[in-house]
There are 2 protein chains.
Amino acid sequence: MENGTGSLEDDRKALSVTGIRATNQRAIVLEVISRGQGHLDADEIYRRARMNQPHISLSTVYRTLQAFKKLGLIDELHFDEAHHYYEIKPAFEHQHLICLGCGKIVEFECPLSQKMKKDVARENDFEVTSVEVRMTGYCPQCRQDRT
Amino acid sequence: MENGTGSLEDDRKALSVTGIRATNQRAIVLEVISRGQGHLDADEIYRRARMNQPHISLSTVYRTLQAFKKLGLIDELHFDEAHHYYEIKPAFEHQHLICLGCGKIVEFECPLSQKMKKDVARENDFEVTSVEVRMTGYCPQCRQDRT
DNA sequence: TTACAAATGAGAAGCATTAGCAATAAGGAA
DNA sequence: TTCCTTATTGCTAATGCTTCTCATTTGTAA
Ligand SMILES: [Mn+2]
Ligand SMILES: [Mn+2]
Ligand SMILES: [Zn+2]
Ligand SMILES: [Zn+2]
């Protein structure tokens, strides 16, 4: 009946475990973020969620994003200063490289960041909770088009 | 006559060199950012600028910030997602460590970031134009208060 | 099935930033 | 110095993302 992809049911279960109520809206938002190759903003998530659930409201999307963030299900990224982007909390830590020409985002692993983290923590007597490395530049194609 | 601190005159000269018109508003904004220990947002710059020039408008502050950024006189930073912060383009490259408890910002140098930059550029065939490292955590005092 | 708190939808509100436009002032030419 | 041209300003309204409000609906544990 309800478009049984099965995956949505998995999402509901994942939500139940966390202790918050497993609503359709939340299951769909989680599904959209999981499928989408990461790096979706609130409005894009809203647009995709409406395909499954035309009446979902943008407010709910925002609220859900906040809830997921607090639960640690997703990460919030700030590539530009106008939007937030969201991705499923990744299994392996990674950083982002953004093309200023076309907006393409490349993920890369960064083993050095762990060393940096330790160094900085020690030198400043801080407890460091997160390290974010953001690089910008131009991808091969955009570099060519520029000249 | 006009509150001759001398420094403002220096600012005007610095502006003339760049080719844009050296207005009082621009000189004062540059002065405020130079004096302020970096990391001021638009509204704080506006508040401080008004001490010297009560009629300066917030729009002008924003426009000036954009102009300075384009000229490379200042850097724009995104510590939290709600504001931009500005600092004079620093002589030595540095990164930022932000206390989630009290908001304190510590600057640190990061020689490793240059190596990271080269590695990432090579591996992804990108021309990398900027590397930003942002760490968050808790300073000694806030760590204590937390428990 | 019932009861109650949690979550939703719709719209208004908030807030940093930008745009539009008439008035002003900077800087080069005369 | 004075004049002209045009960049820049101040004011206000608009924009765009995000959060808030509140009446209504829904999930969940008895
Ligand atoms: Mn990613
Ligand atoms: Mn700094
Ligand atoms: Zn590109
Ligand atoms: Zn602190």
Side-chain angles (χ1 to χ4, degrees), chain A residues 2 8-9 11-30 32-33 39-71 73-74 76-86, chain B residues 2 8-9 11-30 32 39-50 52-71 73-74 76-86:
Chain A
E2 12 237 29
L8 265 186
E9 267 319 303
D11 292 325
R12 305 185 73 90
K13 273 177 204 130
L15 289 174
S16 292
V17 172
T18 69
I20 66 172
R21 291 188 179 174
T23 65
N24 286 320
Q25 292 87 335
R26 284 172 173 165
I28 283 162
V29 167
L30 189 54
V32 165
I33 303 177
H39 317 135
L40 306 175
D41 67 8
D43 202 65
E44 179 62 26
I45 292 167
Y46 174 52
R47 233 173 291 132
R48 297 191 189 185
R50 263 193 303 187
M51 292 176 166
N52 269 287
Q53 188 156 329
H55 286 304
I56 192 172
S57 102
L58 185 54
S59 297
T60 297
V61 171
Y62 274 106
R63 274 185 300 236
T64 301
L65 258 11
Q66 286 308 112
F68 287 180
K69 186 169 63 158
K70 188 173 299 177
L71 288 172
L73 291 175
I74 61 176
E76 183 184 79
L77 308 169
H78 356 81
F79 294 147
D80 61 72
E81 44 280 329
H83 302 70
H84 302 164
Y85 293 83
Y86 300 87
Chain B
E2 9 236 30
L8 265 186
E9 266 320 303
D11 292 326
R12 304 185 73 89
K13 272 176 205 133
L15 289 174
S16 292
V17 172
T18 68
I20 66 173
R21 291 187 180 175
T23 65
N24 286 321
Q25 292 87 336
R26 282 171 175 166
I28 283 163
V29 168
L30 188 54
V32 165
H39 319 134
L40 306 175
D41 67 9
D43 201 66
E44 180 61 27
I45 292 167
Y46 174 52
R47 236 174 287 134
R48 298 191 187 185
R50 262 193 304 186
N52 269 288
Q53 188 157 328
H55 286 304
I56 192 172
S57 100
L58 185 54
S59 294
T60 297
V61 171
Y62 274 107
R63 275 185 299 235
T64 301
L65 258 11
Q66 285 308 112
F68 288 180
K69 186 170 64 158
K70 189 174 298 176
L71 288 171
L73 291 176
I74 62 175
E76 183 183 81
L77 308 168
H78 356 79
F79 293 147
D80 62 69
E81 44 279 331
H83 301 71
H84 303 163
Y85 293 83
Y86 299 88

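The sequence lines fix the lettering, A, B, ..., with proteins before strands; numbering per chain opens at 1. Computed from a predicted structure; not experimentally measured.
Scanning residues 54-66 of chain B for heavy-atom distances under 4.0 Å to DNA chain D yields H55(B), I56(B), S57(B), S59(B), T60(B), R63(B).
Atom NE2 in H83(A) sits about 14 Å away from atom P in dT19(D), given to the nearest Å. Atom CZ of F79(B) is separated from atom C1' of dA16(C) by 17 Å (rounded to the nearest Å). Residue L40(B) contributes atom CG, which lies 15 Å from atom P of dA16(C) at whole-angstrom precision. One atom, CD1 of I20(A), and another, P of dA29(D), lie 13 Å apart when rounded to the nearest Å. Between F68(B) atom CZ and dT8(D) atom P the separation is 11 Å, expressed in whole Å. Regarding D43(A), its CG atom lies at a distance of 17 Å from the P atom of dT15(D), rounded to whole Å. Protein atom CZ of R12(A) is 7 Å distant from nucleotide atom P of dT28(D), rounded to whole Å. Taking atom OH of residue Y46(A) and atom C1' of nucleotide dC17(D), one finds them 14 Å apart after rounding to whole Å.
Defining each end axis of the helix from dT1(C)-dA30(D) to dA30(C)-dT1(D) as the rotation carrying four pairs' C1' atoms onto the next four, with five pairs an end, the two axes are found to diverge by 30° to 10 degrees.
The two residues R12(B) and A22(B) come nearest to each other via the heavy atoms NH2-O, 2.8 Å.
Applying the 3.5 Å distance criterion, the base of dA7(C) shares no donor-acceptor pair with the side chain of R26(A).
Ranked by how close their nearest DNA chain C nucleotide is to the 5' end, T23(B) and Q25(A) are led by Q25(A).
Considering only side-chain N and O atoms, H84(A) lies under 4.0 angstrom from the phosphate OP1 or OP2 of dT18(D).
Counting heavy atoms from C-beta on, the side chains of H78(A) and H78(B) never come closer than 4.5 Å. No side-chain heavy atom of V32(A) sits under 4.5 Å from any side-chain heavy atom of V29(A). No side-chain heavy atom of Q66(A) sits less than 4.5 Å from a side-chain heavy atom of K70(A). Between L40(A) and R48(A), the closest side-chain pair of non-hydrogen atoms falls below 4.5 Å. You'll find the side chain of F68(A) reaches within 4.5 Å of the side chain of L15(A), heavy atoms only. The side-chain heavy atoms of Q25(B) and V61(B), taken from C-beta on, include no pair separated by under 4.5 Å.
Each of E76(B), E44(B), H39(B), K69(B) was evaluated against Y86(B); a single residue qualifies, E76(B), per the side-chain hydrogen bond (donor to acceptor under 3.5 Å, both in side chains) test. With respect to I28(A), the side chain to side chain contact (heavy atoms under 4.5 Å, CB included) criterion is satisfied by exactly one of D11(A), N52(A), T23(A), I45(A): N52(A).
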